[in-house]
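This report concerns only the one structure given below.
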Amino acid sequence: MAHNPDAREALMIGTRTDGTTVRRPLSPHLQVYDMLQMSSATSISHRITGSAWSVGLVFFVWWILALAAGPESYARAQWFFGSFIGVIVLFGLSVAVWYHTLNGVRHLVWDAGYGYDIPTTYRTGWMVIIGTGVMTVLTWIVGIIAWAS
Amino acid sequence: MSEHIPAVNRQTSMQTGLGRVRGSGSARNGTHHWWMQRVTSVALLPLTIWFVFSIAAHAGDPWEVMAEWIGRPFNAVLMILLIGITFHHTEAGLQVVIEDYIRPERRAMVAGLVIKAICLVAALLSALAVIRLAV
């Protein structure tokens with residue numbers, strides 16, 4: 001057997017019923033679940049939106065540093081966020097932040113021990129999806145009114 | 001002593017009584033990481049809602065207005081809280097993602113430390129920017 005520096009690899013070897021060995025899939029098993037069903041889709045979306053927001057923090061840091069640096073650098077940052085690409089980035093981040101926030105509440109409810117049955121999972125999943133749409137639209141209505149005034 | 005322990009526990013657990021009370025295994029670390037992710041998420045709930053709508057309401061505002069708004073004591077304190085807790089939560093979340101997908105363990109550890117460093121520097125830079133606007 002080839003040398004492997006990771007002791008956890010020993011746990012990744014499984015046996016099929018016919019005796020042949022198989023490499024167990026890594027969490028969260030994207031290749032074995034139907035990613036379009038509510039439970040899997042909302043789960044992986046939580047991770048994707050969290051990662052997206054982590055990348056989005058780069059824009060946040062740029063924005064706050066530009067603000068502290070003075071009017072000229074802030075004007076440059078504002079030019080970017082007002083540009084076509086900037087608006088797309090901000091829109092994507094607003095969707096990500098609302099989804100991750102609302103689905104985060106769903107996770108906290110699960111952590112408290114409620115809402116594990118399938119009908120409730122689907123109901124709360126739809127609430128998160130619709131809530132994300134509503135909050136994103138609301139955010140942009142506030143933003144566009146502020147922009148126009 | 002042993003008759004006070006339920007028969008089920010006596011048979012299924014090899015853990016000592018002290019180990020059970022401490023709630024941690026051989027890693028010498030229990031649920032702290034998991035728990036802090038929940039604590040920070042609860043704190044971020046009001047802070048994020050406040051931040052997103054405040055920034056949306058200031059869309060297109062010139063530097064003078066924005067700098068003055070961030071510089072107000074209450075806003076500056078909430079901003080610093082938001083920055084600190086956001087980067088803590090981000091670091092904790094990214095660490096779990098790294099642990100799940102990156103192999104071997106050595107590389108995952110290096111990636112985790114790099115994320116920790118980036119989050120710490122970014123948080124301090126952002127906080128310093130807020131303090132500069134506030135004082």
Side-chain angles (χ1 to χ4, degrees), chain A residues 4-9 12 26-28 30 46-48 50-51 53-58 60-75 77-78 81-82 90 93-94 97-98 100-102 104-105 107-108 111-112 135-136 138-149, chain B residues 34-35 37-38 40-42 44-45 47-49 51-64 66-67 69-71 79 82-83 86-87 89-94 96-97 99-108 115 118-119 121-123 125-134:
Chain A
N4 198 312
D6 196 330
R8 290 177 301 177
E9 288 298 328
M12 301 301 289
L26 264 180
S27 159
L30 298 181
H46 196 69
R47 186 159 271 195
I48 291 168
S51 306
W53 194 222
S54 308
V55 178
L57 283 176
V58 174
F60 170 79
V61 172
W62 178 33
W63 173 78
I64 196 87
L65 290 182
L67 187 64
E72 282 143 53
S73 55
Y74 190 64
Q78 268 195 318
F81 290 120
L90 286 179
L93 284 177
S94 64
V97 76
W98 283 123
H100 198 82
T101 299
L102 293 172
V105 174
H107 271 275
L108 287 173
D111 291 336
M135 292 309 276
T136 304
L138 203 61
T139 305
W140 282 84
I141 288 173
V142 170
I144 289 165
I145 288 171
W147 184 277
S149 63
Chain B
W34 183 89
W35 177 243
Q37 222 175 344
R38 270 70 196 168
T40 50
S41 74
V42 171
L44 282 174
L45 200 55
L47 286 171
T48 306
I49 294 167
F51 175 74
V52 170
F53 280 116
S54 299
I55 295 310
H58 281 96
D61 278 3
W63 179 83
E64 288 75 15
M66 206 62 233
W69 185 83
I70 295 264
M79 279 301 289
L82 174 78
I83 289 162
T86 292
F87 279 104
H89 188 85
T90 301
E91 185 218 300
L94 287 179
V96 176
V97 174
E99 283 166 358
D100 276 351
Y101 300 122
I102 294 187
R103 296 289 173 111
E105 202 165 5
R106 205 187 308 117
R107 201 182 298 163
I115 292 293
I118 292 172
C119 284
V121 170
L125 271 176
S126 311
L128 180 67
V130 173
I131 291 167
R132 225 174 140 184
L133 289 162

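These numbers come from the heavy atoms of this one structure, side chains and all, not from hydrogens, waters or symmetry mates. Chain A is the first sequence line, chain B the second, and so forth, proteins listed ahead of strands; every chain is numbered from 1.
- The contact between Leu94(B) and chain A is made entirely by side chain atoms (from C-beta outward), counting heavy-atom distances below 4.5 Å.
- Looking at Ile55(B), only its side chain comes within 4.5 Å of chain A, counting heavy atoms on both sides.
- Contact annotation for Phe60(A): only side-chain heavy atoms (C-beta onward) come within less than 4.5 Å of a heavy atom of chain B.
- Rounded to the nearest 0.5 Å, atoms NE2 (His107(A)) and CD (Gln37(B)) are 10.0 Å apart.
- In this structure, the side chains of Asp111(A) and Trp34(B) come closer than 4.5 Å at one or more pairs of heavy atoms.
- Counting only heavy atoms from C-beta outward, the side chains of Thr48(B) and His100(A) never approach each other to under 4.5 Å.
- To the nearest 0.5 Å, atom CG of residue Leu57(A) and atom CD1 of residue Ile83(B) are 10.0 Å apart.
- Heavy atoms of Val105(A) lying under 4.5 Å from chain B belong exclusively to its side chain.
- For Ser126(B), the parts lying near chain A are the backbone and the side chain together; criterion is any non-hydrogen pair under 4.5 Å.
- Highest contact tally toward chain A, considering only Ile115(B), Leu128(B), Thr90(B), is held by Thr90(B) [criterion: heavy-atom pairs under 4.5 Å].
- By the 4.5 Å heavy-atom criterion applied to side chains, Phe53(B) and Met135(A) are counted as neighbours.
- For a residue to count as touching a neighbouring chain, one of its non-hydrogen atoms must lie under 4.5 Å from one of that chain's; by this rule Leu108(A) touches chain B with the side chain only.
- Proximity to chain A (any heavy atom under 4.5 Å) is restricted, for Ile70(B), to the side chain, taken from C-beta onward.
- The distance from atom CG of Leu125(B) to atom CD1 of Ile64(A), rounded to the nearest 0.5 Å, is 11.5 Å.
- Heavy atoms of other residues, nucleotides or ligands lying less than 6.0 angstrom from CD of Glu64(B) number more than 12.
- No side-chain heavy atom of Trp53(A) sits less than 4.5 Å from a side-chain heavy atom of His89(B).
- Heavy atoms of Val142(A) lying under 4.5 Å from chain B belong to its backbone as well as its side chain.
- Listed options Pro71(A), Gly143(A), Ala146(A) were ranked by heavy-atom pairs under 4.5 angstrom with chain B; first place goes to Pro71(A).
- The part of Trp98(A) that comes within reach of chain B is its side chain, from C-beta onward, which places non-hydrogen atoms under 4.5 angstrom from that chain.
- Of all the heavy atoms in Leu67(A) and Ala67(B), the pair that sits closest is CD1-N, 3.9 Å.
- Note: Met66(B) leads His58(B), Met66(B), Met79(B) in heavy-atom pairs under 4.5 Å with chain A.
- The 12-atom threshold is not exceeded at CZ of Arg132(B), counting heavy atoms of other residues, nucleotides or ligands nearer than 6.0 Å.
- Chosen from Gly70(A), Gly104(A), Ala66(A), the residue pairing most often with chain B at heavy-atom distances under 4.5 Å is Gly70(A).
- With a 4.5 angstrom heavy-atom cutoff, Ile141(A) does not touch chain B via any of its atoms.
- Closest heavy-atom contact between Val96(B) and Arg47(A): CG1-NH2, 3.4 Å.
- Contact count against chain A (heavy-atom pairs under 4.5 Å) is highest for Asp61(B) among Val130(B), Asp61(B), Ile118(B), Val42(B).
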